[in-house]
Amino acid sequence: MASDWISKLPAPAKEYLNGRTLDEVECIISDLPGIARGKAVPAKKFARQDYFHLPDSIFYQTITGGWGEAAGEEGFTEKDMILKPDMATTTAAPWTGDWTLQVIHDAYDRKGNPVGFSPRNVLKRVVQLYRDQGWEPVVAPEMEFFLVARNIDPAKQIEPMMGRSGRPAAARQAYSMTAVDEFGPVIDDIYDFAEAQGFEIDGITQEGGAGQLEINLLHGDPVKLADEVFYFKRLIREAALRHNCFATFMAKPIKDEPGSAMHIHHSILDIETGQNIFSGPQGGETDAFFHYIAGLQNHMPNALAVMAPYVNSYRRYVKDHAAPINLEWGRDNRTTGIRIPLSDPNARRVENRLAGMDCNPYLGIAASLACGYLGLMEERRPDKQFEGDAYDGEGDIPRTLGEALDVFDEATDLHEVLGTEFARVYSIVKRAEYDEFLQEISPWEREHLLINV
């Protein structure tokens, strides 16, 4: 790497280091759950290296630290991958005690081929399929999360954090500015960290749960936005820890409270004209618009194991708790799984409300785009638009992780889009994780079954 690499950094990173000496660089990559894995190296060493190595086994690891038997025919040899930095992702780590940068890396095998089960490579693959058709996909994620009291005992229920007033955060205060003010010191640090990292927040609102917030990001390139969500999860956790609380992205952390989603807005531009393919010359809805909706309806059940990756994820899909239970679509209707927001023709978009905030952002966005891509290629029509309260209808999505993995394993058309090697590894790792969960005995079972059955 050239010795003047710092001069070529993105502007926010250069501004962060202005007049300061860089101490360390964190070389990171997302694993399947979305955890940052990698190495921290002195700045001088980073300047001398063009890549570093990590074993491919980081993608076979479950959320508990166990392993899925996904190594393939060669066996569990833990081959080294070659991890190369994407310098455009260089950003500050402003919560550290010294002057530190983070850089996201991409994974390659020893022949220089992208590792097919690396989440960022999966998303890049899907985006390239769009570009091969002359389309540029655009997404805008919404991030919901809870600020909760510190919880160091897994047997103890999660509780809302104590607010600035000295009272626990209250539920059912959606869009309340007073509720947002309760978390003011944490939110201030979130804004400060985001600014230091060069991220633009479109807005922060109080959601319906006790201590539940939502951050909206501006629309843009899917890989760039997934990078930002990946970074945001880390910076939000760090901001919370500064104020003696936890930030959690669990889909359903608190009983009887709403869950946390990562709603994904999609639009598609024609690369040659720059026009939104969901809108015609006169501003009307195009065939492509309806084909995209049909793709989400027809393929999201198969992709749900990626967008809802844990047993806890399925606790979120509850009637009347601000989460969809089916794949109906409707205009400006937040009870449907697929929503068409109010917009002018240039900004016409389709919102996927199924994805949970617990999903890996690269994989959740990739899976959602994959469903829409299949719809565009198949050119089918969606079901009739739903009008009214979709919670009055029946659920038509998998209700457990095991069921979701069964339909995912059968979805060979989806595998072709996401990558067959990714689909193989993902299924093995998630089934290993599910088996780990089934070995646990829950408090509910002890309370109701111990002496009653």
Side-chain angles (χ1 to χ4, degrees), residues 139-142 144 171-176 205-209 212 214 216 251-252 255-267 276 278-280 283-304 307-308 313-345 347-357 364 367-368 371-372 374-376 378-400 403-404 407:
V139 301
E142 300 173 357
E144 296 177 346
R172 289 171 284 282
Q173 297 294 325
Y175 305 108
S176 164
T205 58
Q206 164 74 23
E207 277 295 323
Q212 188 183 32
E214 177 179 289
N216 297 332
K252 187 81 166 183
K255 178 183 177 182
D256 296 329
E257 295 285 351
S260 291
M262 185 180 72
H263 299 149
I264 306 170
H265 295 249
H266 310 75
S267 55
N276 186 341
F278 293 163
S279 297
E285 295 166 342
T286 62
D287 287 341
F289 170 74
F290 292 105
H291 296 158
Y292 202 92
I293 295 171
L296 296 183
Q297 282 192 324
N298 294 328
H299 296 283
M300 276 210 294
N302 302 336
L304 196 62
M307 293 184 281
S313 308
Y314 297 82
R315 301 186 190 280
R316 180 178 145 249
Y317 303 121
V318 179
K319 285 188 177 185
D320 302 317
H321 270 66
I325 62 168
N326 55 42
L327 287 163
E328 301 288 357
W329 74 277
R331 293 179 173 85
D332 196 26
N333 187 338
R334 286 181 169 83
T335 69
T336 58
I338 302 167
R339 172 175 172 259
I340 311 305
L342 297 175
S343 66
D344 61 44
R348 181 168 284 126
R349 60 195 186 274
V350 180
E351 179 188 2
N352 168 8
R353 295 178 63 81
L354 257 74
M357 196 60 228
S368 195
C371 295
L374 286 168
L376 291 171
E378 293 167 345
E379 298 185 344
R380 294 164 63 182
R381 300 289 292 186
D383 295 340
K384 183 180 178 182
Q385 175 189 343
F386 189 92
E387 297 183 5
D389 186 349
Y391 292 131
D392 291 338
E394 295 299 320
D396 58 6
I397 59 176
R399 293 303 309 275
T400 67
E403 182 185 348
V407 295

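We use all heavy atoms of the structure for the numbers below, so side chains are in, but hydrogens, waters and symmetry mates are not.
- Once rounded to the nearest 0.5 Å, the distance linking NZ of Lys252 with OG of Ser313 reads 12.0 Å.
- A side-chain contact (heavy atoms from CB on, under 4.5 Å) with Asn326 is found for exactly one of Ile338, Asp396, Ile397, namely Asp396.
- Taking 4.5 Å as the limit, some side-chain heavy atom of Leu304 sits within range of a side-chain heavy atom of Tyr317.
- Across every non-hydrogen atom of Gly372 and Leu296, the tightest pair is N-CD2, 3.9 Å.
- Within the 4.5 Å cutoff, side-chain heavy atoms of Pro324 are placed close to those of Arg316.
- Of the possible polar contacts, none joining the Lys319 side chain to the Asp392 backbone as a donor-acceptor pair under 3.5 Å is found.
- Of all heavy-atom pairs spanning Ile340 and Arg349, the tightest one is CG2-O, 3.8 Å.
- The minimum heavy-atom distance linking Ser279 with Pro345 is given by the pair OG-O, 2.5 Å.
- Of all heavy-atom pairs between Asn276 and Ser267, the closest is ND2-CB, 4.0 Å.
- Of all the heavy atoms in Arg348 and Gly283, the pair that sits closest is NH1-O, 3.1 Å.
- Here the closest heavy-atom approach between residue Pro382 and residue Ala294 is recorded as N-CB, 3.6 Å.
- With Gln297 contributing its side chain and Leu327 its backbone, the two residues share a donor-acceptor pair below 3.5 Å.
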Exercise for the section: Please step through side-chain contact (heavy atoms from CB on, under 4.5 Å) for the pair Phe289 and Val350, ending with a clear verdict. Expected result: CA-CA 8 Å; Phe289 170 74; Val350 180; 3.9 Å; yes
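- Between the side chain of His263 and the backbone N or O of Ala261 there is no donor-acceptor pair closer than 3.5 Å.
- Leu354 CG to Thr336 OG1: the interatomic distance, rounded to the nearest 0.5 Å, is 10.0 Å.
- Annotation: side chain of Glu144 is in contact with side chain of Gln212 (closest heavy-atom distance under 4.5 Å).
- Looking only at side-chain heavy atoms (C-beta outward), Arg381 and Asp287 come within less than 4.5 Å of each other.
- Interatomic distance, Asn216 CG to His265 NE2, rounded to the nearest 0.5 Å: 7.0 Å.
- For the atom pair Arg380 CZ and His299 NE2, the distance stands at 6.0 Å (nearest 0.5 Å).
- For Tyr292, the side chain to side chain donor-acceptor pair (under 3.5 Å) partners two or more places apart in sequence, or in a different chain, are Tyr130.
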Could you go through residues 383-390 and list every donor-acceptor pair under 3.5 Å that involves a side-chain atom there, pairing it with any protein atom two or more places apart or in another chain?
residue, atom, partner, partner atom, Å
Gln385, OE1, Arg331, NH1, 2.2
Asp389, OD1, Tyr391, N, 2.9

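- For Arg315, the CZ atom sits in a loose shell: 12 or fewer heavy atoms of surrounding residues, nucleotides or ligands are nearer than 6.0 Å.
- Listed by chain and number, the residues in a salt bridge (charged side-chain N to carboxylate O under 4.0 Å, His left out) with Asp332 are Arg339 (sequence neighbours excluded).
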